[in-house]
Undergrad: 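Here it is: the structure, laid out below.
Lettering follows sequence order; numbering is per chain, from 1.
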Amino acid sequence: MKQQIFALVDCNNFYVSCERVFMAEIRQHPVIVLSNNDSCVVARSNEAKALGIAMGMPLFQCQRLVEQHHIAVFSSNYALYQDLSDRVMTVLSRFTSTLEVYSIDEAWLDLSHVPAEKLETYGQEIRRRVLQETGIPVSVGIASTKVLSKVACELVKRHQVFQGVLNLFAWPEKEVDAWLAGIAVEDVWGIGKRSAEKLRPAGIVSARALKQSDHAWIRHYLNVAAQRAVLELQGVSCLPLETRKKPRQGIMVSLTFGRTIEDLRELEEAIATYATSAVEKVRRQGSRAMQVSVFIHTNPFDRRVPQYARNATAALPAASAFTPDILDLAVALLHTIYVPGYAYKKAGVFLSAFQTQEVIQTDLFGLFSQERYTMQERLMRVVDEINETWGRNTLCFGTQGMKRPWSMRQLRRSQRYTTRWSEILTVS
DNA sequence: TCTGGGGTCCTAGGACCC
DNA sequence: TCTGGGGTCCTAGGACCC
């Protein structure tokens, strides 16, 4: 069988790069992007990394660095990032018939159709096209397995000399092993901090040591995921490309509030808002949900306030993607777990036990008739279309509240340049 | 003062069945 | 004295990922 060729394309500091596309003045400047509520750092430019800003660091912990070095700070602008991601993926799809979109900023391409001696050039061409058509810089790692292509990408980012593309096929194994020795075992895809801690006593601290270990022993000592990582490092492909988008098995919407909430009425608004958004996602993937879960909790970081956390789950009488069904149950569940007197900081709604919309479950009494489903579906389609065209929550349910004073803080969001006419880039 | 959100897969253990 | 054994399904929790 012919050797499969995997190319991983990874957008460099993706969220930062998205902001830079529309703001020439921050292209040479340290930049960070924050998580919801402007709390933690989730993306950093190379300049910001060099200044010592760590991934996941709360903003207040690096506030001084930010001021000292005039670091540009952004709230996350998911509408912008998702749209630019879609454009990047469109460009990539022209280079292969087999594309796996792995995350918002990464994709695997099957390059088995490219002759070995042209791989490097092909990778460079991918980079050039993506940059030219979207403004996003990417790194390309080419190898015989997914894990090795991840390693290649990591090396590209560490060493300027590769100029954005590393094809591991072009290097002797000895050379590759020397590079692997410089990569910590927890930086191997699939090996996390916990597993790395367990590997240390066995003297396995680098990717090279992991590669040279006995995969059967690793399986016994850790688990099957770690075993696959070993085999993949050895060039045995265990993780195939997955091009079919599998429908989600569960859909979660959970957000930290901009401030704490004590009032049941406000919690209802939050739960209703999250439930509405979750069921929208369920409809978008063509499913109906049978099971609804709700959770609320106080701020676990705040030691001074009494803590409380609970969740509740219940099943609907029949699977539904009709917002009022989900909304009613979610709010009812909230009532079963709400206890007054706590300062709630976060809540969430989780929908699961999906069925596809082709399946119609009817019952003896005609409560869930075909007509009823059709009517509900039509109504939801109209609501979705209006909200898509005129912006989220143009049409919404009363329970969601109007002002939503608890909603998240996003003080530094850039314009949604590519998805809202009113926010399009102006040139003066 | 200030600490993200949304997923997947695997495993162990209990319930249940024959 | 001595109290089977194997299979399946479900659930909760752990680990990992971006």
Undergrad: Between Glu106(A) (CD) and dG7(B) (P), how many Å, whole number?
TA: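 For the pair Glu106(A) CD and dG7(B) P, the rounded distance is 17 Å.
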Undergrad: Looking only at side-chain atoms of Phe60(A), point me to the closest of dT3(B), dC18(C), dG5(B).
TA: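 The answer is dT3(B), which lies nearest to the side chain.
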Undergrad: In terms of side-chain heavy atoms of Ser254(A), which of dA15(C), dC18(C), dG6(B) is nearest?
TA: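 Taking heavy atoms from C-beta onward, the closest nucleotide is dG6(B).
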Undergrad: Regarding Leu255(A), tell me which of base, sugar-phosphate or nothing describes its non-hydrogen contacts under 4.0 Å with the strands shown.
TA: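 Answer is sugar-phosphate: Leu255(A) comes under 4.0 Å of backbone atoms only.
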Undergrad: Any base atoms under 4.0 Å from Gly348(A), or only sugar-phosphate, or nothing? Heavy atoms, all strands.
TA: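 Nothing, no nucleic acid heavy atom in range.
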Undergrad: By nearest heavy atom, map Ser39(A) and Arg228(A) onto DNA chain B; which one lands nearer the 5' end?
TA: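 That would be Ser39(A).
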Undergrad: Tell me, which pairs form a side chain to side chain donor-acceptor pair (under 3.5 Å) where one or both residues lie in residues 198-208 of chain A, sequence neighbours left out?
TA: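 For residues 198-208 of chain A: none.
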Undergrad: Starting from P on dC16(C), measure out to CZ on Arg194(A) and report it in whole angstrom.
TA: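 To the nearest whole Å, that distance equals 8 Å.
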Undergrad: Within the structure, does a side-chain N or O atom of Lys346(A) lie under 4.0 Å from either OP1 or OP2 of dG4(B)?
TA: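 Result: no.
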Undergrad: Could you give the NZ-to-P distance, from Lys146(A) to dC16(C), as a whole number of Å?
TA: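 In whole Å, dC16(C) P and Lys146(A) NZ are 19 Å from each other.
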Undergrad: Toward the 5' end of DNA chain B, which comes first, Ala225(A) or Val42(A), by nearest nucleotide?
TA: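 The residue closer to the strand's 5' end, by nearest nucleotide, is Val42(A).
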Undergrad: Using a cut-off of less than 4.0 Å, is there contact between a side-chain N or O of Arg248(A) and OP1 or OP2 of dT8(B)?
TA: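 For Arg248(A), the contact criterion (side-chain N or O under 4.0 Å from OP1 or OP2 of dT8(B)) is met.
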Undergrad: Taking the six-membered ring for Trp, are Tyr78(A) and Tyr81(A) parallel (under 30°), tilted (30 to 60°) or perpendicular (over 60°)?
TA: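 The arrangement is perpendicular - the two ring planes meet at more than 60°.
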Undergrad: Categorize Gln63(A) for me: base, sugar-phosphate, or nothing, with a 4.0 angstrom heavy-atom threshold over every strand shown.
TA: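 Here Gln63(A) touches no strand at all.
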Undergrad: Given atom CZ of Phe257(A) and atom P of dG5(B), what is their separation to the nearest angstrom?
TA: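 Distance check: Phe257(A) CZ to dG5(B) P gives 10 Å.
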Undergrad: For the side chain of Arg304(A), counting heavy atoms from C-beta on, which of dT11(B), dG6(B), dC2(B) is nearest?
TA: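 Nearest nucleotide to the side chain: dC2(B).
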Undergrad: Should dT11(C) form a Watson-Crick or G-U wobble pair with both distances under 3.5 Å, which nucleotide is its partner?
TA: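 Pair assignment: dT11(C) / dA12(B).
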Undergrad: Parallel, tilted or perpendicular for Trp217(A) and Tyr221(A), by the 30°/60° rule?
TA: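 Parallel.
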Undergrad: Out of dT11(B), dG7(B), dC9(B), which has the shortest distance to the side chain of Gln249(A)?
TA: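 That would be dC9(B).
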Undergrad: Within this structure, what is the CH2-to-C1' distance between Trp189(A) and dC17(C), rounded to whole angstrom?
TA: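 Distance, rounded to whole Å: 8 Å.
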Undergrad: With a 4.0 Å cut-off on N to O distance, would you call Glu106(A) and Lys146(A) a salt bridge?
TA: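 The answer is no: the pair does not qualify as a salt bridge.
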Undergrad: What orientation do Trp108(A) and Trp189(A) show, parallel under 30°, tilted 30 to 60°, or perpendicular over 60°?
TA: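 Tilted.
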Undergrad: Just to be sure I understand the rule, does Lys198(A) reach a base, reach only the sugar-phosphate, or reach nothing, if contact means heavy atoms closer than 4.0 Å?
TA: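 Nothing, no heavy atom under 4.0 Å.
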Undergrad: For dT1(B), does either OP1 or OP2 sit under 4.0 Å from a side-chain N or O belonging to Lys345(A)?
TA: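 Result: no.
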Undergrad: Enumerate, atom names and distances included, each donor-acceptor pair closer than 3.5 Å involving a side-chain atom of residues 248-260 of chain A, sequence neighbours excluded.
TA:
unit_1: Arg259(A); atom_1: NH1; unit_2: Glu266(A); atom_2: OE1; d: 3.1
unit_1: Arg259(A); atom_1: NH2; unit_2: Glu266(A); atom_2: OE1; d: 3.3
unit_1: Arg259(A); atom_1: NH2; unit_2: Glu266(A); atom_2: OE2; d: 3.1

Undergrad: Side chain of Cys40(A), heavy atoms from C-beta onward: which of dC9(B), dG4(B), dC17(C) has the nearest atom to it?
TA: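 Looking only at heavy atoms from C-beta outward on Cys40(A), the closest nucleotide is dG4(B).
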Undergrad: Any side-chain N or O of Ser195(A) less than 4.0 Å from the OP1 or OP2 oxygen of dC16(C)?
TA: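 Answer is yes, contact under 4.0 Å.
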Undergrad: Atom NE2 of His297(A) and atom P of dT3(B): how far apart are they, to the nearest Å?
TA: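 Checked: the NE2 to P distance equals 12 Å.
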Undergrad: Counting the atoms with a prime plus P, OP1 and OP2 as sugar-phosphate, which does Asp302(A) contact under 4.0 Å by heavy atoms, base, sugar-phosphate, or nothing?
TA: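 It contacts nothing in the nucleic acid.
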Undergrad: Rounded to the nearest angstrom, tell me the gap between atom CD in Glu100(A) and atom P in dC18(C).
TA: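 Result: 12 Å.
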Undergrad: From C-beta outward on Pro58(A), which listed nucleotide comes closest to its side chain: dG4(B), dT11(B), dT3(B)?
TA: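 Out of dG4(B), dT11(B), dT3(B), the nucleotide with an atom closest to Pro58(A)'s side chain is dT3(B).
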Undergrad: Going by an N to O cut-off under 4.0 Å, is there a salt bridge joining Arg158(A) and Glu154(A)?
TA: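 Glu154(A) and Arg158(A): salt-bridged.
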Undergrad: Hey, is the side chain of Lys246(A) poking within less than 4.0 Å of OP1 or OP2 on dG7(B), counting only N and O atoms?
TA: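 Answer no for this pair, as no side-chain N or O of Lys246(A) is under 4.0 Å from OP1 or OP2.
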Undergrad: Using a 4.0 Å heavy-atom cut-off across all strands, classify Ile104(A) as base, sugar-phosphate, or nothing.
TA: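 Touches nothing.
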Undergrad: Taking any heavy-atom pair under 4.0 Å as a contact, classify Val41(A): base, sugar-phosphate, or nothing.
TA: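 No contact.
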Undergrad: Write down the distance between CG (Asn311(A)) and P (dG13(C)), rounded to a whole number of angstrom.
TA: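 The answer, rounded to whole Å, is 9 Å.
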